[in-house]
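Take a look at the structure below.
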Amino acid sequence: MAMSNPLTALDPHVAGTLDELVQALDGVGLDSGLSELCAARIEQMIGGGASAASPRDDRERVVLAFTEQYVLDAHGVTDELCADLNAHLSPPELAALTTAIATFEALARARAVLKGVTE
């Protein structure tokens, strides 16, 4: 999962730590396809990137629904959505998913804010 880190040019100390977190996400047991799907949807939502792929099954559908709700308003995540997630992902996968989404969102927002500054 290669994500550009806009902080690299501005602050290598912060960037290095963030890069380590992104690399660690590759080894936490979350399907890389799900991670990439979430990262693409977040980039599309925040940065206006290319259209993200549509979900192919119920697992991807619920993961994308959670991703979108988390990015738009994390307080709006419902008990029903959480129950749906629990039906499709194991607890370690849920922990990895939430960490991945928070990381992808932070990077997408940093890219959006720093656009032009780091180019």
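Both backbone and side-chain heavy atoms feed into the values below; hydrogens, waters and symmetry mates do not.
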Q) To the nearest 0.5 Å, what is the distance between CD (E60) and NE2 (H88)? A) 11.0 Å

Q | Qualifying residues under side chain to side chain contact (heavy atoms under 4.5 Å, CB included), relative to E68, sequence neighbours excluded | A | R41, M45

Q: State the CD-OG1 distance between E93 and T98, to the nearest 0.5 angstrom.
A: 11.5 Å

Let me check something: any side-chain donor-acceptor pairs from residues 74-87 under 3.5 Å, sequence neighbours excluded? List them with distances.
unit_1 : atom_1 : unit_2 : atom_2 : d
T78    : OG1    : L81    : N      : 3.0
D84    : OD2    : R61    : NH2    : 3.4
N86    : ND2    : C82    : O      : 2.8

Q | Heavy-atom pair with the smallest gap, counting every atom of A112 and I46 | A | CB-CG2, 4.1 Å

**Q.** Taking every non-hydrogen atom, the tightest pair across T67 and I101
**A.** OG1-CD1, 3.3 Å

Q | L64 CG to Q69 CD distance, which is reported to the nearest 0.5 Å | A | 13.0 Å

Q: Not counting sequence neighbours, list each pair that qualifies as a ring pair (Phe, Tyr, Trp, His ring centres under 6.0 Å) and has a residue in residues 46-71.
A: F66-Y70

Q | Reported CZ-to-CG distance for the pair R59 and L37, which is rounded to 0.5 angstrom | A | 11.0 Å

Q) Do you know the tightest heavy-atom contact between T103 and T99? A) OG1-O, 2.8 Å

Q) Are side-chain heavy atoms of L89 and L34 found at a separation under 4.5 Å? A) yes

